[in-house]
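What follows is a single structure, written as C-alpha cells, with notes after it.
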Amino acid sequence: MSSALLRYLSQNYTYGAKFGILALLAVSSLVVSLLAIVFVLSLALKFMTKGSSEIEEESSQKRTSQSERGEEDIAPVKYSSLNNEEETIQDVSYVDPQKKNICKRKCICAAKWIMLILEVIIVVLLVLFASLLAAFNLFSSYLLAAVITWSLLMSFILFLWYLYNWVIGNYGKIYFSKARYVLIPAILLFCAIYASFIFWSGACLCILNDTLPGIQSGEYLFHTAFMRYYHSETCPVGDKPCLVYATLPENADQSVFINFHINADSCENRKCSPVLEYREYSSNSWQSIVPIQGEYESPPSEYSQRYIFTALLKDLSPKTLYEFRIQEPTWDEDSEQNVMYSYKTFDPENLKIVQGGDSGNTKEAIEMNQNSLKNINPDLVMIGGDIAYDNNIATCYQTWDYLLKNLLLQKFDEETNTHRVIPIIFATGNHDLGVDSYNNAIIPHNKHAPVFKHYFPQNTYEGKVPNIYQRKSYFSHKISDRILIITADMAYETKIEGEQAEWMEKILSEFENPINSGLPSFFKGSKIKLAQYHGPIYTSIKQGSQHDEEVIEKGLKYFTPLFDKYNVKIAFENHSHSFKRSKPIKNGVIDEEGTYYLGEGSWGVSKLGKVIIPQNTDLHETTSQGFSIWGLKIDSTNTIKATAYDTDYSIIDQLEIDI
C-alpha cells in the first residue's frame, strides 16, 4: 500500500505537495493512534479499578469496623480434629486488605505516570501536527480552513479527555478546586498549537538560495511567512511599484511586456487602478495604457497581499529609446517613489546577449552578476531553466523577488535620468515547475502557482496579454527578420514530440521563408537562429536519471534534425552544472556547417569537487566543472562573437561563429 501511494504521489504531485502529503499522513496516523490508545487505557482504568482515594476510604472503614468488634487483622479459623479437640490456626489463604490496597495504589500510580507520559507525547505531536499542516499545505483558503478546524477539533478532544480524567469523579460530583488541572493544560495546549501554527505557517523549503534570509542548512533554506514579514518583505507598501521588469512577446523588436508588482495596501481600500504612460524619449506627448491585472494572489499564509500587472506595448519603433512611468490615482504625483523608467528596443545589428542556466540566489550567482553580467552590459538576458529554485512551491515566491533584483535588470542611466529596464527570456527547468522530464505529473495552475508563469508572460494569446492558463512553456522571439530565438520545453510540461516539435518546425520554416508565410522580409543577409532549453541533448556529463536519458533520446530524434535542417547556429544547453563547448555537430557527427552546443548550466551552481562521468568526449572541444555564463555579440558582420566568463569576469573560452 505504501509503495502504491508513493508511486501515485510521484506521478501526480509536485515536490512540495509530495513532502507535505506524506508528512501529514505520517503524523496524523500517529496522533490518531495515540489518542485511541489513551482513550482505551483511560476507560479501562476507570472501569477496572477504583480511584486511590476511594480504596483508602473503604480500607479505613473496614479497619474501624474490625476494631469496634475487637477483631484481629488476620481472621482465625476454628475446626475439630479427629480426637474432637478444637484447634485454632490461621487461614493462610486470607490476604491482608492493606497489602492489597497498597498493590492497587502502586498499579494506579504507575498507570497514571504512563498516561502522563502519553499526554506529553500527544501535546508534542499535536503541536508538530499543526506546524506541518501550516507549513506544507497552505495551497488554498479551503485547506487553511480545514487546518484550523482540525486543530480546534484536536484541542476540544484533549480538553474533554482532561475533563473526564481530572474533574468528573465520585458519581458525577465536580471538584472545582481541581479546575486548574483542566484550564491550565488546555490553555497552554491551545496557545502552543496556535503559536506554532502562526510561526510555521507558509513554510518554504528550497535549495541554492544561500543569500536569502532564513535558516540555512547546507544547500537548503527554510523560512516561514512570519520570518518573511518581519525580516525580508520584498514588496513593501512604500515601494510604488515594488518590482518592475520586462519580458518579451513573439515580435520582440517592436513590442514588450512591462510587468510590475504593487502591494495591495499601497492603494486606497486595497483596490489598485494603475496606468502606464510611455513615449519616445524627449517626446512631448504621452500615450497611456491600462495594464492587465493577473490572477496572482499571495498565499493565504502571507501577511501582505500583492498584485501583478502587465502592460503590452505594441507597434514600437526599432532601435528606439522609450521612457515610461506608472501612475495610480491615489499616489502622490510629486512623490520620490514615482520613478521614471526607460526601455530600448533592439538593434539587430548591434546586440549583446548574456545566456546561462541554473542560477539560484547563491553567493557565486551574486558574484557572477556583480562582475561578469554588469561588465558585459547586455541588451538581453537569457536563462535556460532552474532559475530561482523555488520548486514550484507557492510560499517560495520570494526566491523570484530576490533573483529579479540580483540580476541587475535595472540600471540607472545618468544621461537620461531614468532606470533602464533590461528584458529577459526564461526557459522552463525542473526546479521551476517542480517536476522531472516525462514524469507525467499534474502541475497545478491556480492563483498562487506556478509562480514562474504568474511572474513571466512570454507569449501572447490572440495578440493580448495571456492569462495563467494561456501561458506556454515553449515560445519564440523574433528580432526583426534577422534573429530568431527558440526557447523549448524539455518535457517538463509539454513533451518534445508531437505538438512542440510541430510548432518548432513551423516557426523555423516561416522565419527561413517569410514570403511563403505571408510576412514581409526586409533583411537580405544571413539569418541567425539560436535555441535555448534546459535538459541537454549532447551532454558533457552522464545524466543521473532515466528521465534525462529520455530527453536525450527524444531530443536527438525530434529537435536536432530541425537544428540541422534550418541551420540553427547555437543551442544553449543547461541542467548539468558544468561548462562545455561542443564542436559543430550535424547529423550526430562533427561538421563545420553544424550547430554549436554551448553551456550546460553553471551560472550559480557547479560540480566542483564532485565525481562526474564524461560523455560525448569526441564531440566536445572543451569542458570543465566551474562556473560560467556566455556573452554573445552580434553586429552587422556575418560573425557571432561568443565569450564564456567566470564569476570574476575572467575569460574561460571564446570563439567566432560564421553565420
Side-chain angles (χ1 to χ4, degrees), residues 13-21 23-24 130-151 194-207 209 212-215 221-237 242-243 259 261-266 270 272 293-309 361 387-404 431-435 442-456 467-469 471:
Y13 291 91
T14 57
Y15 295 145
K18 281 188 282 189
F19 184 85
I21 291 171
L24 284 178
S131 302
L132 286 174
L133 282 172
F136 295 106
N137 280 270
L138 291 180
F139 294 109
S140 69
S141 57
Y142 300 105
L143 189 53
L144 177 60
V147 168
I148 295 175
T149 303
W150 179 257
S151 298
Y194 283 95
S196 64
F197 183 83
I198 291 171
F199 182 78
W200 295 106
S201 178
C204 164
L205 180 64
C206 58
I207 61 172
N209 278 277
L212 272 62
I215 302 172
L221 170 73
F222 178 83
H223 56 88
T224 67
F226 182 85
M227 299 179 190
R228 289 191 289 273
Y229 180 73
Y230 286 101
H231 297 290
S232 58
E233 177 62 66
T234 51
C235 190
V237 175
C242 53
L243 289 173
N259 311 278
H261 299 202
I262 297 177
N263 188 305
D265 292 324
S266 299
R270 298 171 66 88
C272 299
Q293 181 175 343
E295 300 88 349
Y296 180 79
E297 292 183 10
S298 301
S301 59
E302 302 309 294
Y303 290 77
S304 63
Q305 179 62 267
R306 77 167 70 184
Y307 304 135
I308 300 178
F309 293 89
N361 290 291
I387 304 163
Y389 284 88
D390 69 318
N391 275 329
N392 194 22
I393 298 175
T395 50
C396 292
Y397 66 91
Q398 278 198 349
T399 60
W400 292 101
D401 297 344
Y402 279 95
L403 181 122
L404 287 170
H431 287 290
D432 304 312
L433 293 182
V435 293
I442 298 173
I443 301 174
H445 286 62
N446 53 48
K447 56 190 175 182
H448 309 305
V451 178
F452 172 70
K453 284 196 170 183
H454 277 293
Y455 274 35
F456 307 109
N467 63 38
I468 185 65
Y469 305 101
R471 299 184 182 187

- Message: It should be assessed whether the SG atoms of Cys396 and Cys206 lie less than 2.5 angstrom apart.
- Response: no
Using modelled atom types only, decide if a donor and an acceptor are shared between the side chain of [X] and the backbone of [Y] within a distance under 3.5 Å.
X	Y	result
Ser266	Val237	yes
Asn259	Ile308	no
Glu297	Lys447	no
Asn446	Ala449	yes
Thr234	Gln398	no
Asp265	Arg270	no

- Message: Applying salt bridge (Lys or Arg N to Asp or Glu O under 4.0 Å) as the test, list every pair that has at least one member in residues 392-402; sequence neighbours left out.
- Response: Arg306-Asp401
Please list, chain by chain and in numerical order, all residues satisfying ring pair (Phe, Tyr, Trp, His ring centres under 6.0 Å) with [X], sequence neighbours excluded.
X	value
Phe309	Phe260
Tyr307	none
Phe456	Tyr245, Trp400, Phe426
His454	Tyr296

- Sorted by chain and number, sequence neighbours left out, salt bridge (Lys or Arg N to Asp or Glu O under 4.0 Å) with Glu302 holds for Arg228
- Item | side chain to side chain contact (heavy atoms under 4.5 Å, CB included) partners for Glu233, two or more places apart | Tyr229, Cys235, Pro236, Ser304
Using the side-chain hydrogen bond (donor to acceptor under 3.5 Å, both in side chains) criterion, which residues pair with [X]? Sequence neighbours excluded.
X	answer
Asp432	none
Glu295	none
Asn467	none

- Message: List the residues meeting disulfide (SG to SG under 2.5 Å) with Cys272, not counting sequence neighbours, and say none if there are none.
- Response: Cys267
- Message: So which atom in Ser301 and which in Thr395 form the shortest heavy-atom distance, rounded to 0.1 Å?
- Response: OG-CG2, 3.9 Å
- Query: If you measure from NE2 on His445 to CG on Asn392, what distance do you get to the nearest 0.5 Å?
  - Reply: 8.0 Å
- dist Ile207:CD1 -> Thr399:OG1 (nearest 0.5 Å) comes out at 11.0 Å
- Identify the residue among Ile443, Asp390, Asn391 that makes a side chain to side chain contact (heavy atoms under 4.5 Å, CB included) with Leu433. Ile443
